[in-house]
Amino acid sequence: MISHRVFLRAAATCAVLLLASCEMPAPQAYQQQQQGYQQPQAFMLGIDVLASRGFDLIRGKRVGLITNQTSMTGRGERTRTAMQRALGPNLVALYAPEHGIDGTIGAGLHVSTRRDNVTGLTVYSLYGPTRKPTPAMLAPIDVLVFDLQDIGCRSYTYISTMIVAMEAAAECGKQFVVLDRPNPIGGWRVEGPPLEAKWKSFVGQIPVPYVHGMTAGELAMMAAGRGWMARVPRLDVVKMQGWTRGMTWQDTGLHWYQTSPNIPHATSPFYYVATGILGGATSVDIGIGSENPFGYAGGSGVNPQALYAYCQRLNTPGVSFSPYSKDGFGGVRLNISPRATADITALDVLLLAEINRQTGGKVIGRMSGSKLNLFNKVYGSESLYHDLRRGVPAMSIVSRWQGYNQSFRSQRQRFLLYP
């Protein structure tokens with residue numbers, strides 16, 4: 001059974017549906033919508049809304065919490081600390097996704113089950129021998145709570161953790177609660193290719209665009225409603241108060257806690273979208289290890305001035321470039337405004353195609369084995385690899401997404417929780 005409990009005064013349903021059906025606004029309208037945004041006085045995260053109700057949704061139940069360093073209240077207190085203070089011994093267990101409960105473990109590295117030095121509770125790993133909670137892990141609890149900050153891009157494992165945990169909760173007869181958080185790149189931006197069933201993986205667990213413009217709570221409801229999991233749990237989403245689709249992270253007034261080692265800044269999700277696909281190729285540089293991970297686009301032997309000239313010819317409102325060279329790599333640094341109206345997923349593919357062209361096809365042609373497999377999983381299809389090998393123009397590749405993106409905007413409408 002799906003139960004949508006809303007802990008605030010919601011906007012009129014008809015207004016929500018009207019706004020939810022809109023496409024991403026045209027650049028001018030989008031800019032006007034974004035200008036001068038101030039944090040609403042009543043803004044509250046899902047965890048804060050639940051706390052304001054005395055945790056009544058889970059009080060008296062044995063609680064397990066999927067959590068990490070991003071699980072903070074609006075006042076900067078750890079969710080697990082706030083819950084332990086309110087629930088006492090009824091907070092029974094913690095569960096950590098990729099990068100661990102402190103967010104310091106590198107991408108793709110296994111996380112170990114261990115004791116939490118903050119609460120003293122066991123932290124079960126959801127990124128080790130199993131990525132789906134086992135019946136033994138869930139046996140001590142009645143309800144499983146999810147409170148992680150996502151970045152708004154499909155190829156990031158936190159939503160995958162949520163989906164498989166929902167399925168596990170259903171299989172074990174446990175309630176599942178999502179404490180909702182903002183999409184840091186906003187709720188209007190819908191971009192990028194679909195995920196083909198063949199390439200479903202923990203990198204991309206549900207068939208949404210590369211950039212979906214939805215919150216974790218909305219995605220949970222859509223996954224349950226569209227049958228994207230084998231079994232659906234009793235689902236409760238604790239909505240935020242005061243968040244709207246036009247808001248990016250900067251509009252919330254919240255402090256940013258890095259979601260993983262290479263997402264250190266509130267703007268990092270934009271850069272992740274802009275170069276994450278490119279980063280899967282060979283002999284490329286996207287700035288990992290620099291002051292702005294994912295903020296570079298370069299390749300071995302690439303002429304930085306030539307790539308800069310190419311970028312200057314692109315229509316990328318809100319994104320600017322500057323040439324750089326280091327250690328045999330050349331390319332451009334990106335500067336992306338949170339108000340950017342450019343299709344930044346399209347920019348990712350355009351940069352990849354041009355760098356591939358300038359290197360004589362080497363960045364694509366030399367991929368094989370596990371690297372190519374991961375590249376296809378991130379993109380959601382093997383079509384990009386084959387198209388670039390055949391010399392298909394990048395804009396032709398991008399144009400194929402548009403019908404799908406429009407269809408997805410319509411499909412997601414009834415699951416949107418915010419205007």
Side-chain angles (χ1 to χ4, degrees), residues 1-6 46-47 50 57-58 61-68 70-71 79-80 83 91-98 101 111 123-181 183 195 197 200-208 212 214-240 259 411-412 414-417:
M1 178 180 70
I2 302 174
S3 172
H4 169 211
R5 302 186 180 185
V6 182
I47 174 58
L50 185 62
L57 182 62
I58 58 177
K61 301 175 182 178
R62 298 172 302 162
V63 177
L65 175 65
I66 301 174
T67 187
N68 67 5
T70 70
S71 311
T79 293
R80 61 191 191 269
M83 280 194 173
L91 180 62
V92 174
L94 306 177
Y95 306 83
E98 185 181 11
I101 196 167
V111 174
V123 186
Y124 293 101
S125 169
L126 299 184
Y127 202 82
T130 181
R131 298 181 183 181
K132 180 177 180 178
T134 64
M137 290 179 184
L138 298 183
I141 70 170
D142 303 311
V143 55
L144 185 56
V145 178
F146 178 90
D147 187 33
L148 299 178
Q149 179 59 55
D150 186 47
I151 68 167
C153 180
R154 185 186 65 214
S155 66
Y156 204 71
T157 59
Y158 292 171
I159 295 300
S160 297
T161 294
M162 180 183 74
I163 297 298
V164 299
M166 287 175 66
E167 190 171 75
E171 292 166 354
C172 295
K174 312 295 182 179
Q175 178 186 2
F176 196 89
V177 174
V178 178
L179 305 182
D180 216 5
R181 291 181 170 271
N183 184 323
L195 173 66
K200 176 183 175 180
S201 71
F202 208 68
V203 173
Q205 188 71 198
I206 53 176
V208 297
H212 46 70
M214 298 177 73
T215 68
E218 291 173 335
L219 288 171
M221 293 190 67
M222 189 170 188
R226 295 297 299 270
W228 291 344
M229 59 192 74
R231 294 186 63 180
V232 176
R234 175 187 170 189
L235 173 63
D236 293 278
V237 174
V238 182
K239 285 182 59 175
M240 295 174 283
T259 58
Q411 292 169 12
R412 74 177 191 163
R414 65 189 178 99
F415 304 105
L416 299 183
L417 303 175

*For side chain to side chain contact (heavy atoms under 4.5 Å, CB included), just list the numbers for Arg154 and Ile159, CA-CA rounded to whole Å, side-chain angles, deciding distance to a tenth of an Å, and then say yes or no.*
CA-CA 8 Å; Arg154 185 186 65 214; Ile159 295 300; over 6 Å; no
Report the distance from atom [atom1] of [X] to atom [atom2] of [Y], rounding to the nearest 0.5 Å.
| X | Y | atom1 | atom2 | answer |
| --- | --- | --- | --- | --- |
| Leu148 | Thr157 | CG | OG1 | 9.0 Å |
| Ile101 | Leu94 | CD1 | CG | 5.0 Å |
| Thr215 | Met222 | OG1 | CE | 12.0 Å |
| Tyr127 | Asn68 | OH | CG | 14.0 Å |
| Leu144 | Ile58 | CG | CD1 | 11.0 Å |
| Met83 | Leu179 | CE | CG | 5.0 Å |

Considering non-hydrogen atoms only, spot the tightest contact between [X] and [Y] and give its length.
| X | Y | value |
| --- | --- | --- |
| Phe415 | Gly225 | CE2-CA, 4.0 Å |
| Leu195 | Gly204 | CD2-O, 3.2 Å |
| Pro97 | Thr67 | CD-O, 3.5 Å |
| Leu417 | Gly217 | CD1-C, 4.3 Å |
| Ser201 | Ser160 | O-OG, 4.3 Å |
| Ile206 | Ala223 | CG2-CB, 4.5 Å |

Indicate yes or no for a side-chain donor-acceptor contact from [X] to the backbone of [Y] under 3.5 Å, with no hydrogens or angles considered.
| X | Y | result |
| --- | --- | --- |
| Arg62 | Pro140 | yes |
| Lys132 | Ala168 | no |
| Glu167 | Met229 | no |

*asked:* For His212 and Asn183: C-alpha separation, side-chain torsions, deciding distance, then whether side chain to side chain contact (heavy atoms under 4.5 Å, CB included) applies.
replied: CA-CA 10 Å; His212 46 70; Asn183 184 323; 3.9 Å; yes
Is [Y] close to [X] at the side-chain level, that is, under 4.5 Å between some pair of heavy atoms?
| X | Y | result |
| --- | --- | --- |
| Glu98 | Thr161 | no |
| Tyr95 | Leu138 | yes |
| Lys239 | Asp180 | no |
| Leu50 | Val145 | no |
| Met162 | Gln205 | no |
| Pro207 | Trp228 | yes |
| Met137 | Leu126 | yes |
| Leu416 | Met214 | yes |

*Decide side chain to side chain donor-acceptor pair (under 3.5 Å) for Thr70 and Tyr158; before the verdict, give the C-alpha distance in whole Å, the side-chain angles of both, and the deciding distance to 0.1 Å.*
CA-CA 11 Å; Thr70 70; Tyr158 292 171; over 6 Å; no
*In terms of side-chain geometry, is the basic nitrogen of Glu218 or Arg412 positioned less than 4.0 Å from the acidic oxygen of its partner?*
no
*Pair Asp147 + Arg80: basic N to acidic O under 4.0 Å*: no
*Start with the C-alpha gap between Met221 and Leu235, add the side-chain angles, then the distance that decides, and say whether side chain to side chain contact (heavy atoms under 4.5 Å, CB included) holds.*
CA-CA 8 Å; Met221 293 190 67; Leu235 173 63; 4.1 Å; yes
